[in-house]
Amino acid sequence: MFGDAQSTGNNGMSIHTSENNWILETRNTAYVFGINAAGLLKHRYWGVRLPNQADYPAALNWPNWASFNNAPHLAQEEYPGYNEMKFIEPALKISFPGGVRDVVLRFERAATEGEQLYIHLRDTYFHLNVTLIYTVHAAEDIIERTVTLSNFGDQPMTIERVFSAQWHLPYGDQYRFTHLSGRWFDEFKIQQENLKPGVKVIESRRINTSHHANPWFALDRGGADEDQGEVWFGALSWSGNWKIAAEVTDFASTRVNVGLNDWDFAWALKPGETFNTPSAFAGYTVEGFGGASRRLHDLIRGRLPNPKTPHRIHYNSWEAVFFNVDVQSQIAAAEMAAGLGIELFVMDDGWFHKRDDDHAALGDWWPDERKFPDGLKPLIDRVKALGMDFGLWLEPEMVNKNSDLYRAHPDWVLHYPHRERTEGRNQLILNMARQDVQDYLIEKLDGLLGANDITFIKWDMNRSVSEAGWPEYEGEQREIWVRYVQGLYRVWNTLKERHPKILWQSCSGGGGRADMDILKIADEIHVSDNTGAAARLGIQEGFSMAYPAITMEAQVSDMEAPIPVAFRFHVAMSGMLGMSCDLTKWSAAELDEARKWIAVYKEIRSIVQFGDQYRLRPAQAGSGYSAVQYMSKDKAEGVVFAFRTHIPDPANPLALRLRGLEAEAQYTVEGFEGARSGQAWMHSDNLFMLKNFESTVRKIKRV
Ligand code: DGJ
């Protein structure tokens, strides 16, 4: 019935193929699937790596349970299509000609290429090939999955759902689901709930990744903590509408579907065409949530456009003057910033043609003639002369009705006929799916970037979608969700290729576009518009569940100014330090203190940005204390940050056990007497005495 799988044997390390069975091994884990006696591609195992290939359980062939529950409904199929008498969440749903709305896939052949495994499936009747592509990230214990669909017939078919992966957990219905939720100004809240039979969905329908949920998840059996316990975790690499659907079936099988959101989605796959899904990543660890985060951090850091470049300490004009930038005020701010040791001066919103507030000008990307009569050059020259780099804010996807661009091209925005165009922050969304819109943006922004010495761009996006229509498009309207993101990637990547010196930041009113795909284009995320130091502790902790500190822009601002300067700096220094505040309002003593902390950050930044992160005390638990530690990869140096925000109950001192040290080596920790073994620092209580809104940063050194 099936073509024989090519027995490629062990291709070196990670992928083992035997007849109709595949074992993907990482440093510590194994992910195993094969074809069962009924011919279904079946999940077999995902967990700790076992000594022998024969140790892994076989691809079970379930019997029917009853006339209501056939075997396919019960099986843990690796990539189930909607078909037969099967009522689990399918990974794939297709409409074929003649009203056939199921898809019946059969194994054709497999191939390996380096760390990649290709499983080729084919529909039993229609001319559809489905290729499951697995990439083994052995060092990080992570498997990457994508799916390619191709129509090799002469009739169109419509994709109605195409997830990137369905991940199966060991049988059982006792899993706890951890995910991130939030809203503008309040992102990355860690949520935990026990899964029950049924489907739990987290998603974005907002055309961007969204503040409201993030495409990351973790599952455990309820007993994992930061340091230990089995955790299965994963993320989707996509910056548009996405969906994660965790299902517990009526037969106690827990699985997680990850992929493009199928809500209002359809894609016409024409003869000869191919559709590629985004990548879904997932891994397994016995080292708890901390271990899960560190594995993802390593993977994400390795995929960054500039994985080895330390990020500069920046100053941003936004919270100092909002839209009121001009050449004099920005030169004055730059002079103050340079005096503190800042390395990158970023001018935010307000610099372009007729932009005085948020009612006008988006789309008209040339310097405002009143504020910058000689263009940006005089400011940039001064910034460079002060020894800093220059960065600029843009919001390319948006347009105000009151702009030259909108007056010329009212049809360029997402809209429906016969409907009002809903504005958010007085702006409309350019239809990035349109080639003419893409070309306009490329040309305008290329000109701007070519004419000015700019090495940093903050790419913002300040509203959620409405009326996602493209009336002039004659194809399937519901393709817009994917075509928009593809257009966005094209514009951004083209500019990136043409201006390789630029380091990009992804901002969407804060953390609305934080995901693994955008982090292949942008090196960092503007995590939240909330720069209040106390709130940031929790936001940054939530962000760190998935994303590494090098991507976590963190600014000292005046938002919670009564909080001491040291505290505000320590919070921002535990990420990628920047400042966004009106320095003219800071006293001489405060400026001195800022200078001091900036110098300290320069000493520790490589540990924070490239090291391993340990969440020692969770901020979101609300105990009043929180602490985070970073260790260099060689375990020679580290740094601990500790904070107190209110009187804990009871008001004990903070007792911390360090993490990630070499047990046998001797270490000193600033503020503590003498050297002790790593074992001692990790297994005895180390007291940090802090008052309210007191914080500390302590260097760790191997001696
Ligand atoms: C929203 C961003 O998150 C802010 O940092 C700032 O850039 C404003 N937009 C500017 O309009």
Side-chain angles (χ1 to χ4, degrees), residues 182-188 206-212 214 239 314-326 329-330 333 337 344-365 367-368 371 390-400 402-403 423-430 445 454 456-464 503-515 518 522 524-533 535-536 539-540 543 547 551-560 572 575-582:
R183 49 192 170 151
W184 174 77
F185 218 70
D186 189 23
E187 299 91 335
F188 303 108
R206 293 172 184 261
I207 222 166
N208 64 357
T209 324
S210 103
H211 304 80
H212 303 258
N214 193 266
S239 313
H314 69 278
Y315 174 88
N316 177 296
S317 61
W318 180 245
E319 284 181 36
V321 292
F322 298 103
F323 298 96
N324 298 323
V325 292
D326 62 27
S329 74
Q330 292 309 286
L344 169 69
F345 183 85
V346 183
M347 181 159 63
D348 210 281
D349 203 346
W351 62 269
F352 49 101
H353 182 62
K354 295 195 176 158
R355 180 72 163 174
D356 292 328
D357 54 36
D358 61 14
H359 287 80
L362 288 171
D364 298 347
W365 298 113
D368 185 86
K371 301 176 183 178
F390 182 77
L392 196 63
W393 176 94
L394 292 172
E395 194 177 359
E397 297 150 82
M398 298 291 157
V399 67
N400 289 112
N402 185 3
S403 66
E423 294 181 32
R425 207 197 192 200
N426 313 302
Q427 58 201 53
L428 297 168
I429 304 181
L430 288 173
L445 299 178
I454 294 172
F456 178 91
I457 291 288
K458 174 176 175 181
W459 182 303
D460 205 347
M461 198 258 195
N462 279 304
R463 58 161 291 185
S464 295
L503 194 134
W504 303 79
Q505 180 183 84
S506 167
C507 171
S508 178
R513 194 181 267 151
D515 59 77
I518 217 63
E524 55 179 69
I525 307 287
H526 183 70
V527 173
S528 181
D529 276 355
N530 190 340
T531 51
R536 280 301 284 229
I539 293 171
Q540 295 183 180
F543 182 84
Y547 307 104
T551 68
M552 185 173 79
E553 188 219 55
Q555 292 172 337
V556 174
S557 78
D558 294 327
M559 202 170 272
E560 287 174 354
M576 222 198 67
L577 175 64
M579 293 185 82
S580 185
C581 47
D582 186 352

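Order of listing sets the numbers, starting from 1, for every ligand and every atom in it.
Scanning the protein for heavy atoms near atom 9 (N) of ligand 1, the closest one is D460 OD2, 2.7 Å. Of all protein heavy atoms, the one lying nearest to atom 3 (O) of ligand 1 is D529 OD1, 2.2 Å. Of the protein's heavy atoms, D349 OD2, 2.6 Å lies nearest to atom 11 (O) of ligand 1.
Nearest to atom 10 (C) of ligand 1 by heavy atom, out of N316, D348, N530, is D348.
Distances shorter than 4.0 angstrom do not occur between any heavy atom of M398 and any atom of ligand 1. Proximity of K458 to ligand 1 is established by a heavy-atom distance of less than 4.0 Å.
Within the listing of ligand 1, atoms 1 (C), 9 (N) sit less than 4.0 angstrom from a heavy atom of N462. Ligand 1 places these atoms under 4.0 Å from at least one heavy atom of C507: 2 (C), 3 (O). Residue G510 has at least one heavy-atom neighbour below 4.0 Å for each of these atoms of ligand 1: 3 (O).
Taking the six-membered ring wherever Trp is involved, the centroid distance between the rings of W318 and F323 falls below 6.0 Å.
Taken from CZ in R463 to CD in E423, the straight-line distance is 8.0 Å, to the nearest 0.5 Å.
We find that R355 and D349 are joined by a salt bridge, their nearest charged nitrogen and carboxylate oxygen being less than 4.0 Å apart.
Of the heavy atoms in Q555, none comes closer than 4.0 Å to ligand 1.
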